Amino acid sequence: MTEEPILRVVFFRTESGREPVREWLKSLPKNDRKIIGEDIKLVQYRWPLGMPLVRKLESDLWEIRVRLSSSRIARIFFSVYKGEMVLLHGFFKKTPKTPKQDLKLAQQRKNLWLSKWKT
């Protein structure tokens, strides 16, 4: 018997139909995509998780903390509501502090996504 996922993973979709996180992932080397995908799947099947893999940033907003080869660090911001894990934004972290523009973009996407559920 196979284990069922706790969350259904979906990509945030813009009004024009683009899926920025999917596009970002597809632009990465195969090995990086594999590592990130495994971490996303771990969250999907073992939710809720905490540090060191998942960190809560604020209400309804978390980040998956991914360590890639060659000492690179990736972050994927996501939100969870009604059994869905929506991937909002992905980027490479280059400084110790999360860049404000990346956090703001994830917050905007989260609010757009949640508004479809809460109306």
Side-chain angles (χ1 to χ4, degrees):
M1 179 184 251
T2 60
E3 188 178 339
E4 293 293 319
I6 295 167
L7 300 173
R8 186 170 84 88
V9 176
V10 296
F11 289 92
F12 172 82
R13 183 173 286 165
T14 65
E15 296 255 339
S16 64
R18 288 185 54 240
E19 295 175 326
V21 177
R22 185 187 303 267
E23 293 168 10
W24 177 72
L25 286 170
K26 285 183 172 185
S27 75
L28 302 178
K30 185 177 183 178
N31 190 51
D32 288 349
R33 283 195 314 265
K34 184 176 191 257
I35 293 167
I36 292 169
E38 288 171 353
D39 284 349
I40 291 169
K41 186 175 181 180
L42 184 60
V43 174
Q44 178 186 16
Y45 278 81
R46 298 281 181 237
W47 183 253
L49 288 172
M51 293 288 278
L53 181 62
V54 176
R55 182 171 72 114
K56 186 170 186 168
L57 299 172
E58 60 184 46
S59 177
D60 298 322
L61 186 63
W62 291 266
E63 69 177 358
I64 301 173
R65 304 158 49 90
V66 184
R67 290 206 173 270
L68 298 169
S69 56
S70 66
S71 302
R72 293 188 311 153
I73 298 171
R75 295 291 188 258
I76 295 90
F77 292 146
F78 70 98
S79 188
V80 174
Y81 190 70
K82 293 195 176 192
E84 284 191 350
M85 170 187 185
V86 63
L87 305 180
L88 301 165
H89 181 54
F91 66 100
F92 291 108
K93 193 163 181 190
K94 297 175 182 159
T95 62
K97 202 161 179 163
T98 300
K100 288 182 182 179
Q101 67 270 21
D102 289 300
L103 183 58
K104 185 175 179 179
L105 179 60
Q107 290 166 330
Q108 290 169 341
R109 290 176 177 172
K110 174 193 77 167
N111 292 337
L112 283 170
W113 182 74
L114 286 175
S115 70
K116 93 171 187 182
W117 284 108
K118 295 184 176 181
T119 54

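From a predicted model like this one, the values you see are computed outputs, not experimental measurements.
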K.L.:
Any side-chain to backbone donor/acceptor pair from K110 onto S59? Under 3.5 Å, distance only.
P.N.:
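Checking the backbone N and O of S59 against the side chain of K110, a donor-acceptor pair under 3.5 Å is found.
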K.L.:
Please determine whether side chain to side chain contact (heavy atoms under 4.5 Å, CB included) holds for the pair H89 and D102, giving the CA-CA distance in whole Å, both sets of side-chain angles, and the decisive distance to 0.1 Å.
P.N.:
CA-CA 8 Å; H89 181 54; D102 289 300; 2.6 Å; yes
K.L.:
Same hydrophobic cluster for Y45 and L42, using side-chain heavy-atom links shorter than 4.5 Å among ILVMFWY?
P.N.:
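Looking at the clustering, L42 is in a separate group from Y45.
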K.L.:
Find the distance between CZ (R33) and CG (L28) and round it off to the nearest 0.5 Å.
P.N.:
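Answer for the CZ-CG pair, R33 versus L28, is 7.0 Å.
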K.L.:
Give, for atom CD1 of I40 and atom CG of L53, the distance between the pair rounded to the nearest 0.5 Å.
P.N.:
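Between I40 CD1 and L53 CG, I get 10.0 Å after rounding to 0.5 Å.
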K.L.:
Please report the shortest heavy-atom distance between R65 and P52, naming the atom on each side.
P.N.:
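Minimum heavy-atom contact is NE-O, 3.0 Å.
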K.L.:
Could you check whether any side-chain heavy atom of K41 comes within less than 4.5 Å of a side-chain heavy atom of E38, counting everything from C-beta outward?
P.N.:
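Contact flag for K41/E38 side chains = no.
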K.L.:
Can you name the one residue among F11, W113, W47 that meets ring pair (Phe, Tyr, Trp, His ring centres under 6.0 Å) with F78?
P.N.:
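Checked F11, W113, W47 against F78; only one passes ring pair (Phe, Tyr, Trp, His ring centres under 6.0 Å): W47.
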K.L.:
Is it true that E3 and R46 have a side-chain N and a carboxylate O under 4.0 angstrom from each other?
P.N.:
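Yes, E3 and R46 are salt-bridged.
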K.L.:
Mind checking what makes side chain to side chain contact (heavy atoms under 4.5 Å, CB included) contact with K104, not counting sequence neighbours?
P.N.:
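Applying side chain to side chain contact (heavy atoms under 4.5 Å, CB included) to K104 gives Q107, Q108.
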K.L.:
Provide the full list of side-chain hydrogen bond (donor to acceptor under 3.5 Å, both in side chains) pairs with a residue in residues 16-28, sequence neighbours left out, each pair given once.
P.N.:
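Listed by first then second residue: R13-E19, T14-S16, R18-E23, E19-R22.
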K.L.:
Can you measure from OG (S79) to CD (E58) and round to the nearest 0.5 angstrom?
P.N.:
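Taking OG in S79 and CD in E58, the distance rounds to 9.0 Å.
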K.L.:
Go through it in stages, so that I can follow the logic: the residues are Q44 and I6, the test is side chain to side chain contact (heavy atoms under 4.5 Å, CB included), and I'd like the CA-CA distance, side-chain angles, deciding distance and then a yes or no.
P.N.:
CA-CA 6 Å; Q44 178 186 16; I6 295 167; over 6 Å; no
K.L.:
Is the closest side-chain heavy-atom distance between M85 and L87 below 4.5 Å?
P.N.:
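Yes - at least one pair of side-chain heavy atoms lies under 4.5 Å apart.
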K.L.:
Are L61 and L114 connected into the same hydrophobic cluster when the rule is that any two of I, L, V, M, F, W, Y join if their side-chain heavy atoms are below 4.5 Å apart?
P.N.:
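In one cluster: yes.
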K.L.:
Less than 4.5 Å apart, side chain to side chain, heavy atoms only: is that true for L88 and V21?
P.N.:
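Side chain of L88 against side chain of V21, heavy atoms only: no contact under 4.5 Å found.
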K.L.:
Is the backbone N or O of W62 less than 3.5 Å from a side-chain atom of R55, with the two atoms forming a donor-acceptor pair by type?
P.N.:
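Checking the backbone N and O of W62 against the side chain of R55, no donor-acceptor pair under 3.5 Å is found.
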K.L.:
Can you list every salt bridge (charged side-chain N to carboxylate O under 4.0 Å, His left out) pair that touches residues 66-86, not counting sequence neighbours?
P.N.:
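Checked against salt bridge (charged side-chain N to carboxylate O under 4.0 Å, His left out) - neighbours excluded - the pairs reaching residues 66-86 are R8-E84, D32-R72, E63-R75.
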K.L.:
Going hydrophobic residue to hydrophobic residue with side-chain gaps under 4.5 angstrom, can you get from V86 over to V9?
P.N.:
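In one cluster with V86: V9, no.
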K.L.:
Side-chain contact test, heavy atoms from C-beta onward, threshold under 4.5 Å: evaluate it for V80 versus D60 and give yes or no.
P.N.:
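They are not in contact (no side-chain heavy atoms under 4.5 Å apart), so the answer is no.
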K.L.:
Group every Ile, Leu, Val, Met, Phe, Trp and Tyr by side-chain heavy-atom contacts under 4.5 Å, then state whether F77 and I73 land in the same group.
P.N.:
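Result: no, two separate clusters.
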K.L.:
Any side-chain heavy-atom pair from L68 and I36 closer than 4.5 angstrom?
P.N.:
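Sidechains of I36 and L68: in contact.
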K.L.:
Side chain to side chain contact (heavy atoms under 4.5 Å, CB included) between F92 and V66: does it pass, once the steps are laid out?
P.N.:
CA-CA 9 Å; F92 291 108; V66 184; over 6 Å; no
K.L.:
Are I76 and L7 linked, directly or through other ILVMFWY residues, by side chains that come within less than 4.5 angstrom of each other?
P.N.:
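Linked, I76 and L7 end up in one cluster.
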